[in-house]
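Computed over heavy atoms, backbone and side chain alike; hydrogens, waters and symmetry mates excluded. Reminder, nothing fancy here: chain letters follow the sequence lines and each chain counts from 1. Nothing here was measured: the structure is a model prediction, and the numbers come from that model.
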Protein chains: 2
Amino acid sequence: MAKHPPRTGTPDGTTAERVWAVSAQLFREKGYHGTTTRELAERLEMTRASLYYYVSKKEDLLYGICTEALHHVMDAVRTATDAESDPRERLRALIRAQLISSLTEIDLHATMLLNLHQLTGDQLKEVIALRDEYEALVGGVVRDAQAAGVLRDDLALRNLILVLLNMVNWTLTWYRPGGPLQPEEFARVIGEVYLEGATAR
Amino acid sequence: MAKHPPRTGTPDGTTAERVWAVSAQLFREKGYHGTTTRELAERLEMTRASLYYYVSKKEDLLYGICTEALHHVMDAVRTATDAESDPRERLRALIRAQLISSLTEIDLHATMLLNLHQLTGDQLKEVIALRDEYEALVGGVVRDAQAAGVLRDDLALRNLILVLLNMVNWTLTWYRPGGPLQPEEFARVIGEVYLEGATAR
DNA sequence: GTCTATAGTGGGATAGAC
DNA sequence: GTCTATCCCACTATAGAC
């Protein structure tokens with residue numbers, strides 16, 4: 001376990017928080033196994049030994065990043081969908097919340113989604129369970145919409161869920177903060193294509 | 001460079017081909033940096049030294065897998081889209097060809113898409129260039145459809161392309177051959193949602 | 001909380017016999 | 001084409017002083 005697991009909402013700027021932020025940044029750039037504790041320490045401007053004051057092993061960094069990312073996105077999505085009652089609007093709110101929350105903390109979220117399977121043992125199990133919980137949350141919103149007659153019933157519920165997750169998740173592999181694409185705009189695009197399709201009327 | 005770069009269409013069963021196939025399999029399971037030459041040799045039932053008869057360095061395996069995957073999918077997509085003239089049908093053919101070609105050789109394609117950035121130097125540049133070429137091919141089909149008035153013009157071309165790639169690419173992260181989901185069926189689902197949307201009529 | 005120094009392991013890759 | 005043996009380096013992690 002981490003000596004100092006990341007705490008969401010802690011006032012920023014502490015060294016402990018820099019350790020987590022820089023780890024996520026590096027893990028996203030080079031992958032978990034592609035990142036060495038040497039590079040990490042270098043970018044933090046400390047020695048490797050100092051790094052181990054904050055964390056007891058490298059894998060704890062990945063574990064902490066994954067759990068924080070998942071709690072973060074679940075909170076955002078729950079808050080957003082709870083605020084809407086119309087099934088269509090709940091879907092749009094879901095897309096918007098997931099996309100914006102994951103793109104504004106992209107190091108965390110991209111690291112989680114793309115490196116989760118490098119965890120081992122109980123940490124792997126726990127994170128998989130959290131991710132399943134998140135997907136169940138998404139699945140519930142889609143299921144309700146289909147049950148309300150808002151979504152097509154000639155497509156299987158499972159497929160409707162998978163397509164939606166595809167549309168949102170792959171964005172994390174290519175999005176670059178500060179680039180031309182605005183998360184708000186792209187969330188609208190995904191919502192439009194998912195609900196209305198790309199065909200001209 | 002690889003001593004024996006993979007040749008598509010070669011009669012199977014040679015040891016050289018097993019080396020490429022098993023590498024792709026392992027890289028998909030554990031990631032490029034997460035896979036050791038020891039594991040690779042073990043699964044091939046040979047020694048590490050023997051492995052180096054087929055390849056001069058580990059990175060050449062990744063490079064060969066990436067280029068083969070990209071050539072493979074480009075061939076499939078070009079053939080499929082050249083056979084159609086209607087812009088809508090070309091889009092459906094594109095989705096079907098990309099999805100089926102990448103899911104039937106998923107070890108190759110998932111390794112390529114998810115580990116491409118672990119390459120370095122010229123090999124990285126070459127593979128990025130190939131991938132850009134592939135995306136330009138996809139982009140052309142979408143552009144033609146929008147120009148023909150088939151796709152909405154209230155959504156930017158760039159966004160229409162990105163959403164489509166999202167829908168197809170993320171599938172490689174979760175698809176398991178032999179599972180309940182049929183590639184043919186899921187290609188139809190993506191085509192339907194992309195063109196018509198998920199809303200009930 | 002940060003350091004120097006180092007332990008101890010496992011990594012990619014090579015030499016050279018058969 | 002496959003092997004045994006080995007090199008050498010980079011890796012994660014720890015001990016213990018300040």
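- Of the possible polar contacts, one joining the B/Thr111 side chain to the B/Ala24 backbone as a donor-acceptor pair under 3.5 Å is found.
- Within the nucleic acid shown, A/Ser50 comes within 4.0 Å of at least one base atom, counting heavy atoms only.
- Between B/Leu51 atom CG and C/dT14 atom P the separation is 12 Å, expressed in whole Å.
- The interatomic distance linking B/Tyr53 (OH) with C/dC18 (C1') rounds to 15 Å, in whole Å.
- What separates CG of B/Leu40 from P of C/dG10 is a distance of 18 Å, to the nearest Å.
- Between A/Tyr52 and D/dA13 there is a side-chain N or O to OP1 or OP2 distance below 4.0 Å.
- Evaluated for a side chain to side chain contact (heavy atoms under 4.5 Å, CB included) with A/Arg38, the options A/Leu40, A/Thr35, A/Thr36 yield exactly one hit, A/Thr36.
- Side-chain proximity of A/Thr37 to the nucleotides D/dT12, D/dA15, D/dC3 is greatest for D/dT12.
- Cation-pi geometry between A/Lys58 and A/Tyr32 is met: the NZ or CZ atom falls under 6.0 Å from the ring centre, inside 45° of the normal.
- The distance between atom CD of A/Glu17 and atom P of C/dG1, rounded to the nearest whole Å, is 13 Å.
- Put simply, A/Lys58 has a side-chain N or O that comes within less than 4.0 Å of OP1 or OP2 on D/dT12.
- Taking atom CG on A/Leu61 and atom P on D/dT12, their separation rounds to 11 Å, with Å as the unit.
- With hydrogens and angles ignored, the 3.5 Å screen pairs a side-chain donor or acceptor of A/Gln146 with a backbone N or O of A/Leu155.
- If you measure from atom CE of B/Met46 to atom P of D/dC3, you get 7 Å, rounded to the nearest angstrom.
- Side-chain atoms of B/Arg38 come within donor-acceptor range of the base of C/dG11, with a qualifying N/O pair under 3.5 Å.
- Taking atom CD on A/Glu59 and atom C1' on D/dC11, their separation rounds to 15 Å, with Å as the unit.
- In this structure, B/Trp174 has its ring center under 6.0 Å from that of B/Phe186.
- Side chain of B/Ala49, nearest nucleotide from D/dA5, D/dA13, D/dT2: D/dA5.
- For the OP1/OP2 pair of D/dC3 and a distance below 4.0 Å, the side-chain nitrogens and oxygens of B/Thr47 include at least one atom meeting the criterion.
- The NE2 atom of B/His33 sits 15 Å away from the P atom of D/dA10 (whole-angstrom rounding).
- Using a 4.0 Å heavy-atom cutoff across all strands shown, A/Thr36 reaches sugar-phosphate atoms only and no base atom.
- A residue-by-residue look at B/Arg48 and A/Thr35 shows that B/Arg48 has its nearest nucleotide of DNA chain D further toward the 5' end.
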